[in-house]
There are 2 protein chains.
Amino acid sequence: MIELSKAEFEVMEALWQGHPAKSSEIIERLSDDTQWHDKTIKTLLGRLVKKQAVNFEKQGRLYQYSPTIGREDYTLKQSKNLIQRFFSGRIAPLVSGFAKTEQLSQQDINELKAVIKEWEDQQGK
Amino acid sequence: MIELSKAEFEVMEALWQGHPAKSSEIIERLSDDTQWHDKTIKTLLGRLVKKQAVNFEKQGRLYQYSPTIGREDYTLKQSKNLIQRFFSGRIAPLVSGFAKTEQLSQQDINELKAVIKEWEDQQGK
DNA sequence: TCATTTTGACTACAAATGTAATCTTAAAAT
DNA sequence: ATTTTAAGATTACATTTGTAGTCAAAATGA
């Protein structure tokens, strides 16, 4: 599985916002959230290409970069990995701990209910 | 916040199992799960002391190590951090994604229901 | 008592990571 | 046409991490 460092993940975020994208666009997008030097971002892009999390096509002398992995896939895999390591693969302890100190919205509750309903329908079947 | 590497976290796991503990005990516990050389574990223990995740008391020429941070605290903080970075701080997307590919137990479901109930009681109040 | 083992302290070293700077070449500006 | 700029390639360098090895002192065994 492709592993991304935190900085690399930030670059992926910028790329997931829209692609293919030129390095100048990625740098532009990241300028909102970070103070990174453009050289830094180029370095990170290069590492992402090496890791095959990103690929590019040449448009003349410019490169058009695209992610090779989806945000959903990546974040979910990482989340599962953490849940495995920290909570023996069970999600409920995480949710109850989380709920104790974080604000849950009505939408969160609705989505949790939907998950439960789906599970119960599955059981009855 | 104290940040632990993966290897350091494994050592903490061994220490959380029971403490204070001598390095020989920690090494013994870790021998079940890893192939680490005892020197490696000593190094990691030293780094944990430096990071102040662990402290020790001298018992003669031996050290008795103890964690300074709780497992619950640490894992929950890291989880929140991940939820923040990956899901804008909302837990529901994680839960629904998780539920799609992982097995949920009846216990998980019960705990999720309890979280929901608590939230709803809070709202009505 | 002398050799051996064990503990903790210190040192080692490659890979990954954060954070750029320099070099080369082509395009853009004057 | 020459200078300046911008992109990508290559190089740099400190810190963190994984994974030990060496050294000194104390304890233990023969």
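What's counted below: heavy atoms across the whole structure, side chains too, no hydrogens, waters or symmetry copies.
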Participant: What does Lys6(B) touch in the nucleic acid at a heavy-atom separation under 4.0 angstrom: a base, only the sugar-phosphate, or nothing?
Facilitator: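 Result for Lys6(B) = sugar-phosphate.
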Participant: Please state how far atom CD1 in Ile2(A) lies from atom C1' in dA16(C), giving the value in whole angstrom units.
Facilitator: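 In whole Å, dA16(C) C1' and Ile2(A) CD1 are 16 Å from each other.
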Participant: Should Trp36(A) be listed as having a side-chain N or O under 4.0 Å from OP1 or OP2 of dA20(C)?
Facilitator: no
Participant: Grab the CD1-C1' distance between Ile41(A) and dA9(D) for me, whole Å please.
Facilitator: 17 Å
Participant: What are the two closest non-hydrogen atoms of Ser79(A) and Phe87(B), and how far apart are they?
Facilitator: OG-CE1, 3.4 Å
Participant: I'd like to check the salt bridge (charged side-chain N to carboxylate O under 4.0 Å, His left out) partners of Glu3(B); sequence neighbours left out, ordered by chain and number.
Facilitator: none
Participant: Using atom CG of Leu4(A) as one end and atom P of dA16(C) as the other, report the distance to the nearest whole Å.
Facilitator: 14 Å
Participant: Give the nucleotide from the list dC23(D), dG18(D), dT22(C) with an atom nearest to the side chain of Ala7(B).
Facilitator: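 Nucleotide nearest to Ala7(B)'s side chain: dG18(D).
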Participant: To the nearest Å, give me how far apart CD (Glu28(B)) and P (dT7(C)) are.
Facilitator: 12 Å
Participant: Give a yes or no on whether a salt bridge exists between Glu102(B) and Lys80(A), defined as a side-chain N under 4.0 angstrom from a carboxylate O.
Facilitator: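 Here Glu102(B) pairs with Lys80(A) in a salt bridge, since their nearest N and O are under 4.0 Å apart.
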Participant: Nearest-Å distance, CZ (Arg61(B)) to P (dA27(D))?
Facilitator: 6 Å
Participant: So which one's nearest nucleotide on DNA chain D is more toward 5', Thr40(B) or Lys58(A)?
Facilitator: Lys58(A)
Participant: In the single-linkage hydrophobic clustering (I, L, V, M, F, W, Y; side-chain heavy atoms under 4.5 Å), do Ile2(A) and Trp16(A) co-cluster?
Facilitator: yes
Participant: May I ask you to decide if Gln52(A)'s main-chain N or O and Thr68(A)'s side chain share a donor-acceptor pair within less than 3.5 Å?
Facilitator: yes
Participant: Could you give the CZ-to-C1' distance, from Phe9(A) to dA16(C), as a whole number of Å?
Facilitator: 19 Å
Participant: Please tell me if Ser24(A) has a side-chain N or O lying less than 4.0 Å from either OP1 or OP2 of dA6(D).
Facilitator: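 For Ser24(A), the contact criterion (side-chain N or O under 4.0 Å from OP1 or OP2 of dA6(D)) is not met.
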Participant: Report the residue (Asp38(B) or Lys39(A)) whose heavy-atom-nearest nucleotide on DNA chain C is the more 5′ of the two.
Facilitator: Asp38(B)
Participant: Can you measure Ile26(B) atom CD1 to dT6(C) atom P for me and round it to whole angstrom units?
Facilitator: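 Roughly 17 Å, once rounded to whole Å.
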Participant: For DNA chain D, determine which residues of residues 42-54 of chain A have any heavy atom closer than 4.0 angstrom to one of its atoms, and list them numerically.
Facilitator: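 Residues of residues 42-54 of chain A under 4.0 Å from DNA chain D: Lys42(A), Arg47(A).
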Participant: Where is the tightest heavy-atom contact between Leu30(A) and Glu10(A), given as atom of each residue plus distance?
Facilitator: CD2-O, 3.6 Å
Participant: Measure from CG on Leu62(B) to P on dT6(C) and round the result to the nearest Å.
Facilitator: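 After rounding, the reported distance stands at 13 Å.
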Participant: Could you tell me whether Ser5(B) contacts a base, only the sugar-phosphate backbone, or nothing, with contacts defined as non-hydrogen atoms closer than 4.0 Å?
Facilitator: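 Since only primed, P, OP1 and OP2 atoms lie under 4.0 Å of Ser5(B), the category is sugar-phosphate.
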Participant: With a 3.5 Å distance limit and no angle check, can you tell me whether Glu25(B) reaches the backbone of Lys22(B) through a side-chain donor-acceptor pair?
Facilitator: yes
